[in-house]
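Protein chains get the first letters and strands the later ones, always in sequence-line order, with residue 1 at the start of each.
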Amino acid sequence: MSQANQTLTYLFAEMADVLEILGVDRFRVNAFRRASRVLDGLTDDIASIGPDIKALTGIEGIGRGTAQRIAEFLETGNISDRGELMSQIPGGLIELLSIPGLGPKTIGLIWKQAGVESLDDLKEQLQHDDLAELPGLGPKKLENIRKSISFSESSGDRVHLGTAMSLARWFVSKFIEFDDVQQVEYAGSLRRGQETIGDIDLIVAADPKSAKTISNAFKSLPPVTEVLVNGTTKTSVRTTDGLQVDLRIVPPESYGAALMYFTGSKEHNIVMRQRAISRKMRLNEYGLLKGKMTVAGRTEKEIYRALDLAPIPPELREDRGEFNLAESDELPALIKLSDIRSELHAHTTASDGKWTIKELALAAAERGFHTIAITDHSKGQAQANGLTNERLEQHILEIRQVADQLKKKITILAGSEVDILSDGKLDYPNSLLEQLDVVVASPHAALSQDPKKATTRLMQAIDNPHITILGHPTGRLLLRREGLSPDMRQVITAAYERGIAIEINANTWRLDLRDTHARAAIEAGVKLAINTDAHGPGDLDQLLYGVVTARRAGATKHDIVNCLSREALNRWIKGTK
DNA sequence: GCCGTTTTCGGCCCGACTGTTTTCAGTCG
């Protein structure tokens with residue numbers, strides 16, 4: 001994301017937090033939150049739109065007030081009434097909002113009535129029970145806050161998509177075995193395929209009479225370490241890896257409504273509700289209702305239809321334009337896992353992989369792929385046993401040999417994941433690169449260089465006549481390191497002009513390109529490659545996360561080179577040279 | 001603060017659970 005978008009996303013979210021603690025009306029707070037969210041999801045660099053009030057208010061969710069603040073920021077680097085706002089509360093209060101169970105009202109209360117100005121203040125006050133004297137607070141609430149603080153200090157609060165998906169699928173497989181369970185699915189941000197996940201939502205359809213039995217069985221499953229909420233339709237637990245799992249049990253006739261409701265996103269749901277209201281109906285987690293009559297609720301599909309919409313896939317439910325498409329029945333036919341027919345980025349024992357060339361090729365063939373590109377690291381990646389020029393030449397010969405042996409099973413391409421050095425040069429000379437079928441060029445080092453340098457670096461790499469795919473362009477590692485922040489518009493334009501593909505690296509640590517950038521690439525007509533960057537057994541399974549990310553970007557199989565037939569892929573690769 | 005084939009004013013999503021209460025406010029999703 002561009003620097004300005006990122007900063008403004010943060011500033012508006014922070015202003016919303018302050019307003020919330022100050023207790024101004026929630027609609028103003030919501031307006032700031034929405035502005036923040038819109039900026040976060042914006043594919044255009046806000047700086048390139050410029051301080052033009054008319055253009056800014058043209059963006060959905062940005063009104064006059066927000067536009068003026070953005071314009072001021074773009075011109076001066078500052079939002080003047082933000083300073084005024086910030087001076088009204090102690091800065092240390094904002095982080096208290098991230099403590100589960102502690103909301104803006106309570107924070108305002110303990111600040112005004114007990115002088116709490118920071119997390120440290122709060123922890124000190126929690127050592128005794130004086131806060132329990134305040135209205136609305138009691139010993140139990142204080143105990144919950146103590147627990148929340150110590151929990152959040154002992155573990156990060158989000159996990160990778162892959163981690164959450166594995167756990168969720170395990171729970172789903174357990175629920176399927178229960179006799180009383182008629183249907184079960186995971187919902188929430190996991191079902192929408194977000195890159196990191198805060199908790200898991202499970203929706204079960206069952207006769208209300210058996211809810212108690214199901215809930216009890218859930219609480220006694222092995223990964224459950226603690227029960228957080230214990231109601232008749234809702235049960236929340238904490239699991240061994242610290243993840244919260246929420247279970248909702250609904251009658252079968254409400255299953256679709258509940259699944260939709262808890263899949264979200266919140267923003268998508270709000271629009272759905274408004275649609276219902278404008279049609280004199282009501283939508284909640286039990287169904288779409290007209291007066292006392294249920295219009296729809298058993299499936300998501302029937303609810304969308306009843307609101308004059310084509311069914312919207314979970315990955316698109318972010319209120320980022322999906323409603324217009326669904327209204328006119330123009331939703332893209334999103335790519336499916338089974339559409340992927342090739343892997344163009346994988347490693348072997350020659351560098352840091354665990355498979356030999358043959359093992360990797362057979363694993364790819366086993367998946368039904370028609371083509372696999374062997375792309376080991378280049379020499380700059382010494383820690384990953386990157387190949388020197390001489391070793392690469394030797395490696396190419398070996399790949400050709402195995403390719404010949406296995407030619408009836410799968411097409412093996414000789415490639416390299418060549419380092420994009422910090423100055424944009426590639427780690428092998430062109431004389432060597434031209435011997436390869438596929439060149440995936442990716443940044444691995446100098447990942448904290450400034451955005452300008454990063455942009456120039458990637459642009460220069462794209463200019464190389466031998467590059468086929470720009471690999472994990474930012475080099476980010478989710479929940480660990482930010483990676484590069486190049487001007488993605490420029491990079492995308494350059495990739496388009498050069499006719500090369502940009503990678504969505506499917507590894508759950510990377511998901512790089514991220515969804516919004518992938519969307520911008522598709523809109524610009526750039527082809528994407530979804531690659532697992534496989535290093536050994538199991539890694540090809542990560543493909544799903546790349547597909548999900550592509551789906552969030554609105555990708556069809558026509559946008560993804562891995563979906564091409566063997567012959568078409570071959571032609572496309574030749575066309576990049 | 002945002003938004004508009006009911007509107008430039010008057011709305012803005014809604015139900016479950018918990019802990020505090022003794023009918024409800026705060027928080028969450």
Check: A:Ala296 main-chain N/O paired with A:Thr294 side-chain donor or acceptor under 3.5 Å: no

Would you mind classifying the nucleic acid contact of A:Thr232 as base, sugar-phosphate or nothing, using non-hydrogen atoms under 4.0 angstrom? sugar-phosphate

Answer with yes or no whether the side chains of A:Thr263 and A:Arg191 bring together a donor and an acceptor at under 3.5 Å. yes

May I have all residue pairs that pass side-chain hydrogen bond (donor to acceptor under 3.5 Å, both in side chains) and include part of residues 52-69 of chain A, sequence neighbours excluded? A:Arg69-A:Asp81

Roughly how many Å is it from CZ in A:Arg69 to C1' in B:dG1, rounded to a whole number? 8 Å

Just by distance, no angles: are the side chains of A:Glu322 and A:His268 close enough, under 3.5 Å, to form a donor-acceptor pair? yes

Using atom P of each nucleotide, how far apart are B:dG11 and B:dT7 to the nearest Å? 14 Å

Considering only the P atoms, how many Å lie between B:dT20 and B:dC28, rounded to the nearest integer? 15 Å

Roughly, in whole Å, what's the span from CG in A:Leu289 to P in B:dC14? 11 Å

In the 5'-to-3' direction, what one-character label does each nucleotide of nucleotides 22-29 of chain B receive under the scheme B = base within less than 4.0 Å of a protein heavy atom, S = sugar-phosphate only, - = no such atom? ----SSSB

Measuring only the P atom in each nucleotide, how far is B:dT22 from B:dG26? A whole number of Å is fine. 15 Å

Looking at A:Phe218 versus A:Phe178, is the centre-to-centre ring distance below 6.0 Å? no

For A:Val229 and for A:Asn269, find the nucleotide of DNA chain B with the closest heavy atom, then tell me which residue's nucleotide is more 5'. A:Asn269

Rounded distance (nearest 0.5 Å) linking atom CD1 of A:Ile59 with atom CG of A:Leu39: 7.0 Å

With salt bridge (charged side-chain N to carboxylate O under 4.0 Å, His left out) as the rule and sequence neighbours excluded, what pairs involving residues 280-294 of chain A come up? none

Counting the atoms with a prime plus P, OP1 and OP2 as sugar-phosphate, which does A:Asp25 contact under 4.0 Å by heavy atoms, base, sugar-phosphate, or nothing? base

Considering only atom P, compute the distance from B:dC14 to B:dC9 and round it to an integer number of Å. 25 Å

If you pin A:Pro139 and A:Thr233 to their nearest nucleotides in DNA chain B, which one's is more 5'? A:Thr233

For A:Arg514 and A:Thr516, does a side-chain donor sit closer than 3.5 Å to a side-chain acceptor? yes

Using the P atom as the point on both nucleotides, what is the distance between B:dT6 and B:dC12, in whole Å? 16 Å

A:Ile21 CD1 to A:Lys112 NZ distance, which is reported to the nearest 0.5 Å: 10.0 Å

Just to verify, what does A:Glu327 make a salt bridge (Lys or Arg N to Asp or Glu O under 4.0 Å) with, not counting sequence neighbours? A:Arg275

Pairwise C1' distance, B:dG1 and B:dT5 [rounded to whole Å]: 24 Å

Can you give one letter per nucleotide of nucleotides 2-9 of chain B, going 5' to 3': B for a protein heavy atom under 4.0 Å from the base, S for sugar-phosphate only, - for none? SS------

Under 4.0 Å: is that the gap between some side-chain N or O of A:Asn284 and OP1 or OP2 of B:dG15? yes

Check the distance between B:dC12's P and A:Arg26's CZ and give it to me in whole angstrom. 8 Å

Base-pairing mate for B:dG29 - Watson-Crick or G-U, with both contacts under 3.5 Å: B:dC14

B:dT5, syn or anti by chi within 90 degrees of zero: anti

Atom CG of A:Leu228 and atom C1' of B:dC17: how far apart are they, to the nearest Å? 12 Å

Heavy atoms only, 4.0 Å cut-off, all strands: where does A:Arg33 land among base, sugar-phosphate and nothing? nothing

Can you list everything that forms a salt bridge (Lys or Arg N to Asp or Glu O under 4.0 Å) with A:Asp179? Sequence neighbours excluded, please. none

Between A:Asn144 and B:dG19, does any side-chain N or O lie under 4.0 Å from OP1 or OP2? yes

Atom CD1 of A:Ile249 to atom C1' of B:dC17: distance rounded to whole Å? 15 Å

Can you check the A:Arg275 CZ to B:dC12 C1' distance for me, whole Å? 18 Å

Send over the distance from A:Gln274 CD to B:dG11 C1', rounded to a whole Å. 10 Å

Is the phosphate of B:dG15, meaning OP1 or OP2, less than 4.0 Å from a side-chain N or O of A:Arg282? yes

Would you kindly give the CG-to-P distance between A:Leu247 and B:dC17, to the nearest whole Å? 11 Å

